[in-house]
Amino acid sequence: MKTHELSLSSRFELKLVPPYDFRLTIHKPAGWSFLTPDEVFEDDTLWTATRLPTDEMLGLKLRSAGTAAKPTIRCEVYSGKRVTATDKKQFSNLLTWMLRAEEDVKPFYALAKHDSLVKALSKDRYGMHRTERPDLFPQLILAVTLQMAPIARSDQMMDLLIKEYGEKITFDDKEVLYWPSPETIAKKSASELREKCKLGYRAPVLQGIAEALGRGFPTPMDLESMSAEEAKLKLMELKGIGDYSADIVSPHFGFPLDVWSAKIFSLLLVGRHPKSPRTDIPKLKRIAEKRWGKWRGYVFTYVLNDIPNLSKRFKLNLEDL
DNA sequence: GCGTCCAGGTCTACC
DNA sequence: GGTAGACCTGGACGC
């Protein structure tokens with residue numbers, strides 16, 4: 001396994017737009033990782049890693065030094081090269097973007113005045129933010145492995161991809177395994193990927209995506225600068241990425257309903273179990289857009305991270321769907 | 001044990 | 001433009 005030994009390159013504090021709950025944001029209650037499933041979260045400190053569009057690896061140590069009302073995050077960036085003052089400024093800008101430090105969620109919470117679901121969500125998960133990744137490939141791996149598989153099987157495929165082809169990042173006496181690069185996956189045969197990572201028909205799909213990224217593809221930052229529709233269409237040019245996957249991967253983040261979440265939102269939005277969850281997806285997406293507009297992605301993230309509370313509050317059996 | 005069924009989409013062929 | 005059917009494979013389920 002390729003190993004990167006990184007050393008401290010930059011240390012700075014970020015002031016964030018309140019309310020901002022550090023723990024809820026970077027260590028989400030439903031268990032989704034910030035950047036890699038192998039990141040370490042101890043004593044309200046996160047050690048994680050990311051790959052930049054330049055292919056450089058960074059180690060990140062993030063720690064809250066404030067409260068949800070007065071949020072501050074102490075950031076340490078670990079790198080494998082000597083960094084300049086310009087690099088340090090870019091690290092600060094990058095973390096601001098990744099943590100959505102400047103995003104004001106108060107307009108979202110204002111919807112609670114006339115919306116009982118948003119009222120519950122904003123109370124349960126006050127200060128939780130969505131986050132961004134500068135590395136597109138892990139999001140695409142997530143989207144592809146989620147397709148047509150129970151979550152345990154998706155986890156199995158992702159774990160095997162990281163163990164077989166991932167990279168080891170060591171810094172600050174910690175070790176973090178990170179996702180494989182598109183270059184690594186593009187070089188493997190589909191049959192090897194299928195066998196070692198139990199990817200099934202997804203093996204050639206993932207390899208094709210890795211090859212497409214290697215030929216040049218917009219970065220997440222590029223996609224964000226496009227309109228939401230343009231970004232989605234660009235992502236859907238990748239074979240194996242359809243409407244649902246593009247909604248997950250796009251930094252504009254749509255309302256990525258799959259069969260499982262369609263069952264949940266059918267109960268929350270129209271108060272009944274769907275007869276055919278897959279058929280109901282377009283209708284549910286339209287209802288969500290009309291009800292929450294640009295904040296529907298936030299509603300989606302909040303709901304997925306608040307299932308046990310919502311089940312009790314609205315007397316719905318959402319945990320067994 | 002063993003066989004059967006199906007899952008947190010996408011693509012293609014066919015009408 | 002709409003839709004049925006195929007797609008890997010592991011695990012749940014019934015027997």
Which part of the nucleic acid, if any, lies within reach of [X] when heavy atoms closer than 4.0 Å are counted: base, sugar-phosphate only, or nothing?
{"X": "I248(A)", "result": "nothing"}
{"X": "K239(A)", "result": "sugar-phosphate"}
{"X": "L257(A)", "result": "nothing"}
{"X": "S245(A)", "result": "sugar-phosphate"}
{"X": "R194(A)", "result": "sugar-phosphate"}

Report yes if at least one side-chain N or O of [X] is closer than 4.0 Å to OP1 or OP2 of [N]; otherwise report no.
{"X": "K198(A)", "N": "dT9(C)", "result": "no"}
{"X": "K196(A)", "N": "dT9(C)", "result": "no"}
{"X": "R153(A)", "N": "dA7(B)", "result": "no"}

Review point. Does a salt bridge link R51(A) with E167(A), judged by any charged N lying under 4.0 Å from a carboxylate O?
Key: yes

Check your understanding: Any idea how Y78(A) and F171(A) line up, ring-wise: parallel (<30°), tilted (30 to 60°), or perpendicular (>60°)?
Key -> tilted

Check your understanding: Which whole-number value in Å describes the distance from I151(A) CD1 to dG8(B) C1'?
Key -> 6 Å

Practice item. Taking the six-membered ring for Trp and the full ring for Phe, Tyr or His, determine whether the centres of F41(A) and F34(A) are under 6.0 Å apart. Key: no

Review point. Which whole number of Å gives the distance between the C1' atom of dG2(C) and that of dG8(B)?
Key: 24 Å

